Amino acid sequence: MKRSRDDSRARRRHSLTTTAALASVLLALGSYTIIGTWLTTRAARDHSRALHVDADFSEARGAITLEEVNLRHYQVEPSSAVRSRFVQAADLVDSALQLAVRHGLPGADSEATRLLGRQREYRANAEQLMALVADGDPASLSFDGLSVTPSYYTLQQDVDTVSRAYHASAQRQAAEMQGAEVRMLIGTSVGFGVGLTLVGVIWRLVLSYQRRLVLDADASEYRSLHDPLTGLPNRRMFHERLARAVSSGGPDDQVGIMIIDLDGFKAVNDTLGHQAGDQLLQAVGGRLLTGVRDGDLAARLGGDEFAVLLPGVADLAAAAEVADRLVDEIRHDFLLDVGPASVSASIGLTIGGAGADDDELLRQADAAMYRAKSAGGGVAVHDPILDAVAPDEMALFGELRALLETGDPDGQLTLYFQPQVRLTDGTVTAVEALVRWCHPARGLLLPAAFLDIAASRGLATPLTYHLLDIAVAQAARWSATAEPLVVSVNVSPRCLLHDGFLARVCAAIAAAGLPRGMLRLELTESGVLAESERARTVLRQAREQGIMISVDDFGSGSSSLSQLRQLPADEFKIDRSFVRGLAYDADDVVMMRSAIDLGHNLGMSVVAKGVEELEALAVLRDLGCDLAQGFVLSRPVPADEVPAACARAGRVAGRQPASPSHRG
């Protein structure tokens with residue numbers, strides 16, 4: 001009995017000891033969590049302030065460049081619209097710097113105040129210069145050289161220095177916050193390891209985390225199938241629902257498809273701004289949902305292009321009734337935040353039975369839509385005769401499709417390469433890959449003969465993959481030599497929306513053994529900005545994989561400064577229209593200088609394309625352009641002639657004459 005009492009007392013002591021230990025662990029863990037949370041919150045607050053200040057200075061830096069661009073534009077075209085854009089950019093600089101002052105970050109307020117003073121000095125000089133230009137006063141040139149340009153470069157250098165400093169500060173704050181989070185994680189993990197009696201709590205946390213993962217997965221699936229701007233189903237979901245509709249319907253079921261393109265949307269976007277354009281697209285999506293029947297699917301394919309799926313439609317007349325209703329819905333004015341706006345719609349309509357080819361239905365609707373657009377809008381029903389492709393184009397399409405399906409065993413599709421010369425020393429660092437078709441009957445076909453056919457009939461993606469394989473293999477062969485070359489490959493922005501695009505490109509790189517940084521994807525400015533955020537996300541992921549990005553034909557579109565800052569690109573290529581007059585047109589030189597400065601301020605290298613005169617090379621070199629390509633240096637040549645072409649291009653670049661004295 002005494003032993004039993006001793007055992008009981010021992011169990012009670014053990015229980016008390018365990019309870020006390022558990023209480024100590026809980027107390028220590030709770031204290032550590034509270035302190036760690038407080039420290040992490042403080043670090044997050046400091047980091048947030050640093051990020052806001054960094055964003056303010058970056059915004060001011062970009063807007064200062066835009067001030068200068070519009071000032072130079074005003075010298076070329078002294079209009080109220082250009083002056084208004086200058087004032088808007090100047091106000092944006094003032095607003096950004098004033099925000100930096102109000103954030104109250106030690107040191108940042110004084111720097112922002114100092115920069116505000118320099119900005120006011122530059123703005124006053126610029127406005128005085130514009131007044132002289134507007135009056136036609138010849139003193140404007142000397143005033144520009146003595147006052148405006150020095151004050152701009154002083155302001156630009158100051159804001160660059162301050163922006164970089166506070167960007168580095170924000171990075172340090174991020175590192176400190178990450179360190180606090182890591183320490184918090186380690187301490188919490190140790191606490192949970194010691195407190196084994198908290199398994200039940202941990203288990204409940206695990207279950208809660210699993211439920212959160214399920215919710216996140218559902219949300220991610222929703223985002224992958226819906227357009228983030230309008231909330232409508234996206235291209236992927238539309239294709240999936242279309243394939244399901246044509247494969248699961250009965251023998252008497254009909255499926256209707258509409259492709260809708262907005263007429264006049266670009267004018268709204270250009271005159272009222274991109275925010276108004278986005279608001280208009282959202283309103284169009286709402287009207288489509290109102291105008292379709294229950295069970296129909298309205299989707300946004302990208303840009304200002306929409307589609308409607310009519311499963312189980314009775315006949316063509318019933319589908320046309322829905323299409324006419326949508327035309328009427330869209331025709332009414334839209335009341336946007338900035339004022340009223342109006343657009344119309346061009347709709348291509350087709351229907352098909354169960355088992356129809358969904359890609360062919362889309363092609364029919366697309367062809368009918370273009371016919372409706374050429375007729376001034378409204379609804380056009382697919383007509384096999386009116387929408388037929390010319391026999392010669394159809395034959396070329398069939399041959400191209402057969403080549404891609406068989407893998408082009410004879411190598412008819414080949415790549416020519418045009419050197420890109422670094423202007424500082426004449427070194428060729430990269431080449432652009434340009435497709436040629438060595439047709440057995442038609443001879444050597446240039447891209448204009450078949451690329452549009454491929455794009456309009458669904459071969460753009462397989463053709464891009466085929467040419468990427470050729471380009472990557474050739475780049476790998478050059479990389480194994482003493483003089484490796486970066487290879488730029490033109491890619492349609494629509495390919496970025498194709499599932500598995502990035503994985504396919506990475507697989508080709510891995511198979512060829514191509515080092516990082518030796519492949520560059522080249523996309524047009526208007527194309528990449530017109531596509532969805534999903535496309536830009538793919539580009540950002542590509543850069544993370546060591547694939548460089550180039551924006552082609554810069555200046556031919558209507559990009560805003562905010563859009564350009566969002567582009568995940570390493571370089572942009574200035575459109576040839578900017579290059580043609582460099583040797584003799586001072587206005588073109590002013591615009592080129594502004595474009596080059598803008599590119600450098602955005603952290604990109606600048607390539608001038610379409611250079612056909614030695615004098616233009618000299619001007620480009622003096623303006624600080626990084627690279628040039630064009631017929632004056634070298635025409636596109638086959639791969640085995642590239643070394644000789646690069647050597648010739650380097651020699652030509654080294655013979656640049658003195659730049660013209662009137663270049664501005």
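Being a predicted model, the structure only gives us computed values, none of them experimental.
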Side chains of H73 and F86 in contact at under 4.5 Å (non-hydrogen atoms): no
Gap between atom CG of D158 and atom CZ of R118 - 0.5 Å precision: 4.5 Å
Residue Q275 excluded, over 12 heavy atoms near CD under 6.0 Å: no
Contacts of type side-chain contact (heavy atoms from CB on, under 4.5 Å), residue Q75, not counting sequence neighbours: R72, L129, V133, D144
Side-chain (D137) to main-chain (S140) donor-acceptor, under 3.5 angstrom: no
N/O donor-acceptor pair under 3.5 Å between Q541 side chain and L502 backbone: no
R635 CZ: over 12 foreign heavy atoms closer than 6.0 Å: no
Side-chain (S84) to main-chain (S80) donor-acceptor, under 3.5 angstrom: no
Please set out all donor-acceptor pairs under 3.5 angstrom arising from side-chain atoms of residues 483-490, sequence neighbours excluded.
{"from": "S488", "atom 1": "OG", "to": "R520", "atom 2": "NH1", "distance (Å)": "3.2"}
{"from": "N490", "atom 1": "ND2", "to": "E432", "atom 2": "OE2", "distance (Å)": "3.0"}

Flag side-chain contact, heavy atom, 4.5 Å: L262 against I330: yes
Side-chain donor-acceptor distances from residues 596-605 under 3.5 Å, at least two apart:
{"from": "H600", "atom 1": "NE2", "to": "D626", "atom 2": "OD2", "distance (Å)": "2.9"}
{"from": "N601", "atom 1": "OD1", "to": "Q156", "atom 2": "NE2", "distance (Å)": "3.4"}
{"from": "N601", "atom 1": "ND2", "to": "T65", "atom 2": "OG1", "distance (Å)": "2.7"}
{"from": "N601", "atom 1": "ND2", "to": "D597", "atom 2": "O", "distance (Å)": "3.1"}

Chi angles and distances behind the side chain to side chain contact (heavy atoms under 4.5 Å, CB included) call for E305, R235: CA-CA 10 Å; E305 189 176 45; R235 181 186 296 271; 4.1 Å; yes
Set of residues satisfying salt bridge (Lys or Arg N to Asp or Glu O under 4.0 Å) with respect to D261, sequence neighbours excluded: K373
Listed partners of D570 passing salt bridge (Lys or Arg N to Asp or Glu O under 4.0 Å), at least two apart: R543
Side chain to side chain contact (heavy atoms under 4.5 Å, CB included) assessment of V491 paired with F501: CA-CA 11 Å; V491 176; F501 171 79; 3.9 Å; yes
Approximate separation, where rounding is to 0.5 Å, of L445 CG and L451 CG: 10.5 Å
Short side-chain to backbone donor-acceptor contact, S634 and G630, under 3.5 Å: no
Between T537 and R540, a side-chain donor and acceptor under 3.5 Å: yes
Nearest non-hydrogen partners of V343 and V268, listed with the distance: CG1-CG2, 4.1 Å
Candidate pair K573 and E571, rule side chain to side chain contact (heavy atoms under 4.5 Å, CB included), full reasoning: CA-CA 7 Å; K573 303 178 75 172; E571 73 168 23; 4.0 Å; yes
From CA spacing to verdict: salt bridge (charged side-chain N to carboxylate O under 4.0 Å, His left out), K609, D552: CA-CA 9 Å; K609 59 182 292 185; D552 196 9; 3.1 Å; yes
Aromatic ring pairing Y122/Y152, orientation class (parallel under 30°, perpendicular over 60°, tilted between): tilted
Test item: R300 side-chain N/O and G303 main-chain N/O as donor-acceptor pair under 3.5 Å: yes
Gap between atom OG of S346 and atom CG of D263 - 0.5 Å precision: 3.5 Å
Side chain T149, main chain G145, donor-acceptor under 3.5 Å: no
Set of residues satisfying salt bridge (Lys or Arg N to Asp or Glu O under 4.0 Å) with respect to E67, sequence neighbours excluded: none
Shortest non-hydrogen contact from A60 toward V159: CB-CG2, 4.4 Å
Side chain T161, main chain Q157, donor-acceptor under 3.5 Å: yes
Closest approach of P447 to V435 (non-hydrogen atoms, all atoms of both residues): CG-O, 3.3 Å
Gap separating the NE2 atom of H274 from the CG atom of L281, nearest 0.5 angstrom: 11.5 Å
